[in-house]
Structure formats: C-alpha cells, structure tokens
Amino acid sequence: MQVDAGRFLADLHKLREFGAAGVGRGVVRPAYSEADMAARDWLAQRMREAGLRVEVDPMGNLFGLADAPSLLMGSHSDSQPEGGWLDGALGVIAALEVARASREAGGPAISVVSFQDEEGRFGVTTGSAVWGGHLAQDVADLLCDHNGVTLGEARSVVPATGDVDPVQFTGFIEMHIEQGPVMDSTGEQIGVVSDIVGIRDMKITFEGQQNHAGTTPMALRQDAFQAVSTFNQALAERFANVVTPATVWTIGHVSLHPNASSIVPGKAVFSMQWRDGDADRLGRMEQIIRDLAQEVADARGMRVSFGKMLGLEPVAMDMRLRKALETSAKTVAPNKWRVMPSGALHDATNVSRLMPVAMLFVPSINGISHAFEEDTDEADLVAGLKVLAGAVAAL
C-alpha cells in the first residue's frame, strides 16, 4: 500500500478553504453552517471518486462505505466557532487517503466517516453520540445552541439518505492532532493513544434579583454574576483532596441577564465542564459542584438550578488495534513515538459502544488547538498518515 502524500496534503488544504478565516490557517465551520454543509458536499464527492458509496444519516454524519465487512476510519469536519484547519479534518482526510491507497493496492476494505457536531454546538460529540446509541435522536433534537436554535431545526439542511448500520464495521481508528504540548516539547512525531478521559458537562443557573446598579447597596444585592464568581473561586479548594494533576475543569461560557452596564444581573447561566480518566472521580466532582452551587445560592438568598447532564465515560483503546499502530510507529518514527492518554474527547469514545477503537496522534505546534493558530508540521502529518496506512496493512 502506497499512500500519496501530495494528494493527501492537497485535499487537507482544500478542505480548509471551506470556512477559511482569521490568521494563519484558521477555520470557522460550525456544525450545520453553510461552510460545513459545503465542505460535506465536497467530501462526499471525493468519497465517490475514491470508489466509496456515500450515505448521510439523519444527524448529518457522512459515510463513504466500502464493501462490508470493512474497517471504519475518520473523525469530524465541523469546527469550533474559531478553530484550526486540522482538528477533526485531519482524521477524515487521512482516512480517505488510506481508503484510496488500499483500494488501489487491492488491500483491505476501508470505510470513511465524518461525524457531525463533534465540536459541541449542541452537546458533546453529538453526531457520534446519536449514531453510537448514547443519545436518542428525539432527545438530541431538543438540544439548543447558545443562540437558542435547536438541533432539530439546524439539521433540517441535512440531505439524509438513511441510517448506517454499524454491524458492517470490524473496528474504528481515528487519527487526530494531539491538541496539547507533550509531543511538541519532546520532539516526538507520533502518539499512540492508550485511553480517552471521561467528560461531564452541564449548565448551572443562578437566579437572584435584577436591580439598579447605582442605588442598590452591595450588601443587599442578589447579584447572579457575583454568585458565579464566588462559586468559581471556591471550587479549586473543594476539589483539592479529590482531583489529580491530570484532572481539569472549566467554566467556558457565561450568559448574564439582562447583560447591561447599569443593571445588577438577576440571572447567570454558565457552563460547567470537567474531565478525568476515572469515572468514580467524575461522580465525586459532580456532587461537590452541586453542593457548592447550592451553598452559594443559599448564602445569598438566591435560587440555583442544574441543566441536563451530558457526558461520556473513560474509554480504553482496543489492544489489537493499538498494537498495530505501535508496530507501525516503530517503523515510521523509530524512537520518536510514545503511548499516551487523550485529555481531549473524541468520537472514538462513542464508537467504542459499537466496536473496538484505537487512536493515533500527531504533534500540535506549541500545543495550540481550538484557535486560528493551530498547526502541525507537514512532515509530521505525513508521518502520521504512513503510520495509519502501515497499521491498516498489518491488520
């Protein structure tokens, strides 16, 4: 099997043109946006040219199918509101190139997928969560983005052809950028993933009293933003005896009402997300979060409510698929590869409910991702492609 590095890179750069924005190689291609749907139309055509049968399920997950049984590979092609050109897109284009190369060499059947809404416009890896059976379509359709648009409304643009049965696939391999600084700092080219952390994500709402910002004494305020600030300050101390250095938590989105300079905000809705490789620890963190939020609300005479809990469990990679990647890494990048966990969530987590999964990383320059500056040296991209192809050939 001979992969074509030039063809692979040309397709990767072409995909970046859909939603190209900002400095460097930035991309704005949120799920179901005009740029996202145009990119999927182009991907579908490239899949057909590679001899694959194209199917689009009701969520908008795009499949290029080989004859069954086949190994499924890919990732996602939607982006963050301000994202980079490689996050997800790399895995889709690498899978497409390996599928072409394998077909040209008379090798094993490879199917390709680009999952929808991995980046969380509506939830947590929503497209693969629905396909993997973790989330029912009718429940997913009720999820809203930050502008109040429901997923059900957004997916009306999907040219669905029908459901895709996972029984036809023997396993799933996802190639991705590391999205962290480890390999870039060590000069390594390849990371073979050992496991993917679990994640929990929910919205918390503090409701106080909207009031005049000039006439309401500080001691009498029921300021919803101050409740968020107090909660955030106290959280690290409450977590101290529970978390490890690898545990992370984030308040990444805050919405204030009425969000005006001269009004004490009466309502604050914020995202609370936490990640760890131990499911029990994730549960203990949840209880701390709920207890602390209630304490903050009670102390200020306010109300607190909790949104729907979204999340996925930690997942260990399949040893057979993982060993194939490790063997190939030794050949392609001797002494420049490592086994490592994934601190980021990926579609492979959901797919693991259906079949064996494995993942492969290439470095992120300066550890930057989810930003316009996201990038990887093209030599490392090609090295990752060759590792992927070598593993497929061995399997």
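We use all heavy atoms of the structure for the numbers below, so side chains are in, but hydrogens, waters and symmetry mates are not.
- Side-chain contact check for D276 and T247: at least one donor-acceptor pair (N or O, by modelled atom type) lies under 3.5 Å.
- L235 CG to I251 CD1: the interatomic distance, rounded to the nearest 0.5 Å, is 6.5 Å.
- Annotation: side chain of Q210 is in contact with side chain of H257 (closest heavy-atom distance under 4.5 Å).
- A cation-pi arrangement is not found for R29 relative to F18, the charged atom failing to lie both closer than 6.0 Å to the ring centre and inside a 45° cone about the ring normal.
- The heavy-atom pair separating G191 from M340 by the smallest distance is CA-SD, 4.0 Å.
- By the 4.5 Å heavy-atom criterion applied to side chains, E119 and D87 are counted as neighbours.
- For the atom pair OG (S255) and CZ (F225), the distance works out to 12.0 Å, reported to the nearest 0.5 Å.
- Between E286 and R284 there is no salt bridge, since no side-chain nitrogen of the basic residue lies less than 4.0 Å from a carboxylate oxygen of the acidic one.
- By the neighbour-count criterion of 12 heavy atoms within 6.0 Å, atom CG of D67 is sparsely surrounded, having that number or fewer from other residues, nucleotides or ligands.
- Between the side chains of S364 and Q179, no donor-acceptor pair is found at a separation under 3.5 Å.
- Ion pairing of E295 with R238 is present here, as a side-chain N (NZ or NE/NH1/NH2) and a carboxylate O approach within less than 4.0 Å.
- A heavy-atom distance below 4.5 Å is found between the side chains of M202 and W274.
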- side chain to side chain donor-acceptor pair (under 3.5 Å) between Q209 and R221: does it pass, once the steps are laid out? CA-CA 7 Å; Q209 178 59 59; R221 294 187 178 197; over 6 Å; no

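- Exactly one of V158, V164, N61 qualifies for a side chain to side chain contact (heavy atoms under 4.5 Å, CB included) with V56. That residue is V158.
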- Kindly determine whether W131 and V351 satisfy side-chain contact (heavy atoms from CB on, under 4.5 Å), including the steps that lead there. CA-CA 8 Å; W131 187 68; V351 181; 4.3 Å; yes

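- Side-chain atoms of Q273 and T250 form no donor-acceptor pair, as typed in the model, at a separation below 3.5 Å.
- Shortest non-hydrogen contact noted between T215 and P217 is O-CD, 3.3 Å.
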- Tell me, with the steps shown, if M355 and D318 meet side-chain contact (heavy atoms from CB on, under 4.5 Å). CA-CA 9 Å; M355 65 192 75; D318 175 76; over 6 Å; no

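- Across all non-hydrogen atoms, the minimal contact from G123 to L143 is CA-CD1, 4.5 Å.
- Just one residue in the list D36, D145, D78 forms a side-chain hydrogen bond (donor to acceptor under 3.5 Å, both in side chains) with R121, and that residue is D145.
- Within 6.0 Å of CG on N335 lie no more than 12 heavy atoms contributed by other residues, nucleotides or ligands.
- The pair D11-R7 does not meet the salt-bridge criterion, since no charged nitrogen lies less than 4.0 angstrom from a carboxylate oxygen.
- In this structure, CG on N259 lies 13.0 Å from NZ on K267, to the nearest 0.5 angstrom.
- In this structure, R100 does not pair ionically with E104, as no charged nitrogen and carboxylate oxygen lie closer than 4.0 Å.
- Between E188 and K336 there is no salt bridge, since no side-chain nitrogen of the basic residue lies less than 4.0 Å from a carboxylate oxygen of the acidic one.
- For the atom pair CZ of R200 and CE of M309, the computed distance is 7.0 Å after rounding to the nearest 0.5 Å.
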- Query: Do E97 and R46 pass the salt bridge (charged side-chain N to carboxylate O under 4.0 Å, His left out) test, and can you show the C-alpha distance, the side-chain angles, and the key distance before you say yes or no?
  - Reply: CA-CA 10 Å; E97 177 54 34; R46 294 300 278 163; over 6 Å; no

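- Between F270 and F231, a ring centre-to-centre spacing shorter than 6.0 Å is recorded.
- By the side chain to side chain contact (heavy atoms under 4.5 Å, CB included) test, E34 is found to be paired with no residue, residues two or more places apart in sequence or in another chain being considered.
- Between atom OG of residue S75 and atom CG of residue D347 there is a gap of 5.5 Å, rounded to the nearest 0.5 Å.
- When all heavy atoms of S328 and G390 are compared, the pair lying nearest together is OG-CA, 3.4 Å.
- If you chain together hydrophobic residues whose side chains sit under 4.5 Å apart, I173 and L385 fall into the same group.
- Between the side chains of H76 and D117, no donor-acceptor pair of N or O atoms lies under 3.5 Å.
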- Query: Stepwise, does the side-chain contact (heavy atoms from CB on, under 4.5 Å) test hold for Q226 with R300?
  - Reply: CA-CA 10 Å; Q226 290 302 320; R300 294 170 175 268; 3.7 Å; yes

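- Figure legend: cation-pi geometry between R25 and W85, with NZ or CZ positioned under 6.0 Å from the six-membered ring centre and within 45° of its axis.
- Distance CG/L292 to CD/E237: 10.0 Å, rounded to 0.5 Å.
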- Message: Using side-chain contact (heavy atoms from CB on, under 4.5 Å), reason through T125 and I199 one step at a time and then give a plain yes or no.
- Response: CA-CA 11 Å; T125 59; I199 185 173; over 6 Å; no

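- For F361, the ring-ring contact (aromatic ring centres under 6.0 Å, His included) criterion is met by H346, not counting sequence neighbours.
- Closest approach of L52 and A66 over heavy atoms only: CD2-N, 3.9 Å.
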- Check against side chain to side chain donor-acceptor pair (under 3.5 Å), D291 and Q287: CA-CA 6 Å; D291 290 347; Q287 193 59 55; 2.9 Å; yes

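- In this structure Q137 satisfies the side chain to side chain contact (heavy atoms under 4.5 Å, CB included) test together with P58, M59, V130, A140, D141, L151, R155, sequence neighbours excluded.
- I93 has its side chain within reach of L43: a pair of non-hydrogen atoms, C-beta onward, lies under 4.5 Å apart.
- No more than 12 heavy atoms of other residues, nucleotides or ligands lie within 6.0 Å of CG in N241, so this atom counts as exposed by the packing criterion.
- Residues M285 and V243 form a side-chain contact, since some pair of their non-hydrogen atoms from C-beta on lies under 4.5 Å apart.
- For the pair E326 and K330, the salt-bridge criterion is not met [side-chain N within less than 4.0 Å of a carboxylate O].
- A heavy-atom distance below 4.5 Å is found between the side chains of H134 and R353.
- When every heavy atom of A268 is checked against every heavy atom of A224, the shortest pair comes out as N-CB, 3.5 Å.
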